[in-house]
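All values below come from the heavy atoms of this structure, side chains included, with hydrogens, waters and symmetry mates left out. Note that this is a predicted model, so its numbers are computed, not measured. If you read the sequence from its start, that first residue is 1, and numbering goes on from there.
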Amino acid sequence: MKPLFLLSLLFLSLSLFSAEIIGKVVGVSDGDTITVLDNLDKGKFRIRLNKIDAPEKKQAFGNKAKQYLSSLIFGKQVSVRFKEIDHYGRVLGVIYCDGAEINLVMVQNGYAWHYSYYDKTPAYIQAEKQSRTDKKGLWADPNPINPYEFRKMKKKR
């Protein structure tokens, strides 16, 4: 119950300020969703990495994206900076670990798309452009499918 109360308090202030969760990564669901056990009250928070969209589990590079994200942060202390919560109740955040902006690292290494529809951050735009040029990660696939399009096709079936 404590995490829900804390989340509610944070949600009320999100329109004016950004918030931060500091804790240990105890789960990696896929290439853009993790679970953090916060240091304050030991509550668990599901975090959706903001600004990026990683391949789905059943999509090409889906498992590789999850494995790569795990190699970067699983079991480590992270800082999650966020301003909003999505309609699934997940915190939409940017993850920082060992001095690196993990969301950006995922794009730089070709394990996620930049979510350019919602975000216009120049570093992310450049990172995707460069990883495409270098054919890193999912860009090595001759026909990479954006996860948004993959989900749309799956719903039609």
I need the [X] [atom1] to [Y] [atom2] distance, nearest 0.5 Å.
X	Y	atom1	atom2	result
Ile34	Ile73	CD1	CD1	4.0 Å
Tyr68	Ile102	OH	CD1	8.0 Å
Leu72	Tyr111	CG	OH	9.5 Å
Asp53	Tyr115	CG	OH	4.5 Å

Which atom pair, heavy atoms only, marks the closest approach of [X] to [Y]?
X	Y	answer
Asp30	Thr33	OD1-N, 2.9 Å
Gln59	Pro147	OE1-CA, 3.7 Å
Ala60	Pro55	O-CB, 3.5 Å
Ile47	Gly93	CG2-N, 4.3 Å
Asn63	Lys57	OD1-O, 4.0 Å
Glu20	Phe82	N-CE2, 4.0 Å

Are side-chain heavy atoms of [X] and [Y] found at a separation under 4.5 Å?
X	Y	value
Ser18	Lys83	yes
Met106	Trp113	no
Lys76	Val25	no

Next on the checklist: If you count every heavy atom of other residues, nucleotides or ligands that lies below 6.0 Å from Lys64 atom NZ, does the total exceed 12?
Outcome noted: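 No, NZ of Lys64 has 12 or fewer neighbouring heavy atoms, counting only those of other groups under 6.0 Å.
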Could you verify whether a donor N or O on one side chain and an acceptor N or O on the other, from [X] and [Y], lie under 3.5 Å apart?
X	Y	value
Asp98	Gln77	no
Tyr148	Glu56	no
Asp134	Gln130	yes

If hydrophobic clusters are built by linking Ile, Leu, Val, Met, Phe, Trp and Tyr wherever their side-chain heavy atoms come under 4.5 Å apart, do [X] and [Y] end up in the same one?
X	Y	value
Leu69	Val80	yes
Phe74	Leu37	no
Ile52	Ile95	yes
Val28	Leu104	yes
Tyr124	Tyr96	yes

Using modelled atom types only, decide if a donor and an acceptor are shared between the side chain of [X] and the backbone of [Y] within a distance under 3.5 Å.
X	Y	answer
Asn103	Asn50	yes
Glu101	Val94	no
Ser70	Lys66	yes
Asp38	Gly43	yes
Ser131	Val107	yes
His114	Asp119	yes
Lys120	Ser116	yes
Asn109	Val105	yes

Item to check | Under-4.0 Å salt bridge between Lys51 and Asp32 | outcome: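 Salt bridge absent between Lys51 and Asp32.
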Next on the checklist: Can you tell whether the side chains of Arg46 and Asp86 come within less than 4.0 Å, N to carboxylate O?
Outcome noted: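 Looking at Asp86 together with Arg46, the answer is no, because their closest N to O distance does not fall below 4.0 Å.
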Next on the checklist: Check whether Tyr88 forms a cation-pi arrangement with Arg48 (NZ or CZ under 6.0 Å from the six-membered ring centre, at most 45° off the ring normal).
Outcome noted: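 No, a cation-pi geometry is absent between Arg48 and Tyr88.
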Next on the checklist: Using side-chain contact (heavy atoms from CB on, under 4.5 Å), reason through Ile21 and Arg81 one step at a time and then give a plain yes or no.
Outcome noted: CA-CA 7 Å; Ile21 296 169; Arg81 296 185 195 148; over 6 Å; no
Next on the checklist: Please determine whether side-chain contact (heavy atoms from CB on, under 4.5 Å) holds for the pair Val36 and Val78, giving the CA-CA distance in whole Å, both sets of side-chain angles, and the decisive distance to 0.1 Å.
Outcome noted: CA-CA 8 Å; Val36 173; Val78 297; 4.0 Å; yes
